[in-house]
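Worksheet: one structure, shown below.
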There are 2 protein chains.
Amino acid sequence: MKPTIYDVAKEAGVSIATVSMVINNTGRISTKTRKKVLKVMDELKYYPSAAASTLTGKSTRTLGLLMPNIANPFYSELARSMEDRADELGYSVIVCSTDYKEEREQKYISLFLRKQVDGFIITSGFNSVDLIKELVDQQIPIILVAYNISKFSLDTVSVDDYTGGYQATAYLAELGHQRIAVITETVQSSVERVRGYRNALQDYQLAYDDELCLETSATVANGAKVTEEFLDLKEPPTAIFAFNDILAIGAMEAVRKRGLSIPEDISIIGFDDTPLASYSNPPLTTMAQPLEDIGYQAIDLIVAEIEGAKRTSQRIMLPAKLVVRKSTGGPLKKTR
Amino acid sequence: MKPTIYDVAKEAGVSIATVSMVINNTGRISTKTRKKVLKVMDELKYYPSAAASTLTGKSTRTLGLLMPNIANPFYSELARSMEDRADELGYSVIVCSTDYKEEREQKYISLFLRKQVDGFIITSGFNSVDLIKELVDQQIPIILVAYNISKFSLDTVSVDDYTGGYQATAYLAELGHQRIAVITETVQSSVERVRGYRNALQDYQLAYDDELCLETSATVANGAKVTEEFLDLKEPPTAIFAFNDILAIGAMEAVRKRGLSIPEDISIIGFDDTPLASYSNPPLTTMAQPLEDIGYQAIDLIVAEIEGAKRTSQRIMLPAKLVVRKSTGGPLKKTR
DNA sequence: CTGAAAGCGCTAACAA
DNA sequence: TTGTTAGCGCTTTCAG
């Protein structure tokens with residue numbers, strides 16, 4: 001049988017209260033007693049039951065993290081950074097993949113509730129907004145990551161998509177590009193990025209052209225397909241801004257297939273800075289998501305909420321960062 | 001205050017035993033009572049406390065998964081498949097990244113123990129073998145994934161590295177390559193793969209050449225560096241078998257830098273089939289790790305052990321699968 | 001500085 | 001078919 005606090009107490013010749021105190025570093029215990037107890041705990045391989053201590057009202061110091069798919073690098077890196085920060089703060093994180101299914105969301109929320117996590121971290125790709133509402137109503141600490149629900153005001157940490165869209169476009173414009181296309185996605189973040197794109201265009205006195213703004217979903221094939229459409233235009237773009245690296249890789253493929261070279265003929269910029277970006281050929285210039293920062297901030301925020309019981313509902317936006325590699329350059333000059 | 005089983009019982013006008021029974025689907029409860037109780041539970045947003053039920057001896061139906069780094073695609077895909085299978089079997093998985101640090105391994109093992117996980121899943125990259133021994137001694141269900149410790153006999157699920165190494169080499173030999181180089185890694189799995197490589201060489205009557213077998217660690221730069229060494233040989237290889245995709249990407253880079261083309265001049269084959277492989281240029285032929293199968297089998301095995309309390313110590317080996325893409329072909333004929 | 005004892009929320013006999 | 005009750009292992013006053 002697993003040793004309990006009683007076994008330790010008996011073995012050490014003290015009461016269970018004393019043992020409990022040395023475990024939790026509470027009360028005042030003589031160094032001698034403490035040492036003895038610690039020794040016995042070690043000998044018996046005693047591990048205090050988290051269940052029992054939870055039952056007495058202690059917090060579990062556990063955070064529940066819900067993401068659509070931990071196998072997606074975007075989420076897994078986020079998860080990793082959260083784990084690290086949580087670890088530093090003495091918390092642990094339970095991650096579950098909801099697979100974009102409400103049924104699973106439901107199930108895991110319930111699981112977390114039963115396990116009495118101290119707080120919920122919910123990322124983009126979570127569908128059951130009603131469930132979130134229920135948690136909010138129950139005053140359970142929640143933080144939204146890379147996910148905006150304007151419906152209620154919650155702590156939120158996300159990337160500044162507007163500025164990201166603006167900066168990528170501005171960078172291309174600075175390089176001298178006049179016709180800059182974007183491949184957008186059917187997701188929340190896209191609309192902000194498009195807004196940034198259009199404002200940058202304006203600021204650089206470039207005309208916005210509907211033909212240069214196409215929407216698709218994130219696969220290499222789609223990126224290639226859309227790019228071909230761009231290339232077929234009478235006046236094709238000299239630069240393409242893809243809203244994620246996958247699409248950018250697709251764009252590269254299409255460009256290469258035409259016998260055009262990157263960045264000489266066409267510049268391509270992605271978004272996310274997944275590992276893909278540095279391994280592509282040529283290495284992809286892209287807007288890096290500050291995943292690590294996002295994770296850290298998210299944990300800090302929710303821990304603050306848990307411990308301080310504060311309800312400020314901050315909305316933190318972290319800037320994407322331009323990572324210049326080899327897929328972008330100035331447009332080909334006629335004079336060359 | 002959070003509702004307890006008492007609140008539900010009172011509200012439904014029954015005893016807590018009845019409520020407990022409907023929660024667990026035990027005993028015989030009239031449909032009417034059951035419905036009533038369920039309704040109240042829903043109204044009160046009652047979630048049974050996992051802590052309390054654990055305390056009474058019920059299993060937690062939770063599995064502890066320890067991997068070095070959840071941000072690494074290899075591990076995150078593994079994690080995902082385990083999660084899925086566990087979910088199907090009514091278990092949940094807690095994942096923690098140990099970051100290859102014994103200190104963290106220690107910490108998370110202890111965490112899992114305190115949370116009373118029903119079983120441990122431990123993957124390659126785990127250093128504290130002594131800790132594993134302790135668990136084994138305590139008769140705690142454990143399964144090793146992609147990780148062999150010959151020291152004790154434990155349930156193990158891993159990829160068949162020997163056959164993988166053999167098949168990749170054989171494939172290249174079939175294509176007509178005579179000089180096949182390998183880039184190995186400083187990890188456990190490499191030695192089996194090398195063994196497969198050498199045996200395949202033998203079976204195809206090809207000579208083994210020390211110069212064509214170089215070891216390095218997994219970075220693109222290293223892959224490129226080693227490849228350059230190969231290319232500098234008086235008699236360079238016509239095919240390179242890299243023991244992971246990252247190295248293969250590096251090899252591709254080096255080959256391209258020499259103005260050689262793939263696969264016309266040099267064939268390249270990787271191992272793992274990470275997303276990288278399909279996005280590279282040309283798409284990489286590689287040996288796919290059957291991650292999904294591994295995950296499933298691992299969960300099935302450990303759940304069997306937990307529920308059946310059996311102690312058979314199976315060692316399951318799953319075959320890697322050749323995925324032919326565009327980076328391999330026959331060697332250039334002189335006559336062309 | 002240490003011990004005794006009252007719960008925490010739930011399960012599982014045992015009664016009714 | 002349902003209720004009563006004794007713990008499960010631990011924390012936390014309150015005494016000593």
Side-chain angles (χ1 to χ4, degrees), chain A residues 1-41 44-62 110-118 138, chain B residues 1-41 44-62 110-118 138:
Chain A
M1 215 29 218
K2 280 194 52 174
T4 71
I5 199 170
Y6 288 96
D7 300 318
V8 176
K10 192 189 299 174
E11 187 69 21
V14 297
S15 79
I16 61 164
T18 305
V19 176
S20 174
M21 282 164 144
V22 347
I23 292 171
N24 300 293
N25 264 305
T26 52
R28 4 188 91 272
I29 306 285
S30 69
T31 320
K32 208 171 120 200
T33 314
R34 152 168 287 110
K35 260 198 191 127
K36 176 90 179 265
V37 172
L38 254 15
K39 184 156 149 278
V40 172
M41 279 176 29
L44 261 38
K45 297 198 191 315
Y46 165 73
Y47 290 90
S49 152
S53 79
T54 296
L55 203 52
T56 65
K58 296 214 12 168
S59 107
T60 57
R61 297 190 78 83
T62 300
S110 150
L111 176 71
F112 287 172
L113 249 12
R114 280 184 286 116
K115 297 235 180 205
Q116 343 241 182
V117 301
D118 293 339
Q138 288 171 69
Chain B
M1 215 31 217
K2 280 193 52 172
T4 73
I5 198 171
Y6 288 96
D7 300 318
V8 176
K10 191 188 300 172
E11 187 68 22
V14 298
S15 79
I16 60 164
T18 305
V19 177
S20 175
M21 283 164 141
V22 348
I23 293 171
N24 299 294
N25 262 304
T26 53
R28 5 188 89 275
I29 305 283
S30 69
T31 320
K32 207 173 121 199
T33 315
R34 152 168 289 109
K35 260 201 193 124
K36 175 91 180 264
V37 171
L38 253 15
K39 183 157 151 278
V40 173
M41 278 173 35
L44 261 40
K45 297 197 190 315
Y46 165 73
Y47 290 90
S49 152
S53 82
T54 296
L55 203 53
T56 66
K58 299 228 347 180
S59 103
T60 57
R61 297 188 79 82
T62 301
S110 150
L111 176 71
F112 287 172
L113 250 12
R114 282 183 285 115
K115 296 235 180 206
Q116 341 241 186
V117 301
D118 293 338
Q138 288 170 67

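This is a predicted model, so every value here is computed, not measured. Lettering follows sequence order; numbering is per chain, from 1.
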Atom pair CG/OG of A/N24 and A/S53 - distance to nearest 0.5 Å:
7.5 Å
Could you give the CG-to-P distance, from B/L55 to C/dC8, as a whole number of Å?
13 Å
What contact category does B/V14 fall into here, base, sugar-phosphate, or nothing, at under 4.0 angstrom with non-hydrogen atoms?
sugar-phosphate
If you check the B/P48 side chain, which of D/dT2, C/dC10, D/dC10 turns out closest?
C/dC10
Just wondering, do B/L113 and A/K45 contact through their side chains at under 4.5 Å, heavy atoms?
no
Between atom CG in A/L44 and atom C1' in D/dG9, what is the gap in whole Å?
15 Å
Phosphate OP1/OP2 of D/dG3 contacted by B/S15 side-chain N/O (<4.0 Å)
yes
Do the side-chain N or O atoms of B/Y46 get closer than 4.0 angstrom to the phosphate oxygens (OP1, OP2) of C/dC10?
yes
Can you find a side chain N or O atom of B/S20 that sits less than 4.0 Å from OP1 or OP2 on C/dT11?
yes
Taking atom P of D/dC10 as reference, at what distance in whole Å does atom NZ of A/K10 sit?
14 Å
Atom pair distance, as rounded to whole Å: CG in A/D7 and P in D/dG9:
8 Å
Given side-chain contact (heavy atoms from CB on, under 4.5 Å), test B/N25 with B/R34 step by step and report yes or no.
CA-CA 10 Å; B/N25 262 304; B/R34 152 168 289 109; 3.4 Å; yes
Gap between atoms CG and P, on A/N25 and C/dC1 respectively (whole Å):
14 Å
Length of the line joining B/I16:CD1 and D/dG3:P, which is rounded to integer Å:
10 Å
Nucleotide nearest A/A52 when distance is taken to its side chain, options D/dG9, D/dT2, C/dC10
D/dG9
Could you check which of D/dG9, C/dA13, C/dT2 has an atom nearest any side-chain atom of A/T4?
D/dG9
For the residue pair B/K2 / B/S49, report whether a side-chain donor-acceptor contact shorter than 3.5 Å exists.
no
Quickly work out the A/M21 CE to D/dG9 P distance and round it to whole Å.
21 Å
With a 4.0 Å limit, can you tell me whether B/S30 has a side-chain N or O closer than that to the phosphate oxygens OP1/OP2 of D/dT2?
yes
Under 3.5 Å donor-acceptor pair, A/Y6 side-chain atoms to D/dC8 base atoms
no
What integer distance in Å separates A/I5:CD1 from C/dG3:P?
12 Å
Give a yes/no answer on whether the side chain of A/T33 brings an N or O atom under 4.0 Å of OP1 or OP2 in C/dT2.
yes
At what distance, to the nearest 0.5 angstrom, does OG1 of B/T54 lie from CG of B/D118?
8.5 Å
Kindly point out which of D/dT4, C/dC10, D/dT11 is positioned nearest to the side chain of B/A17?
D/dT4
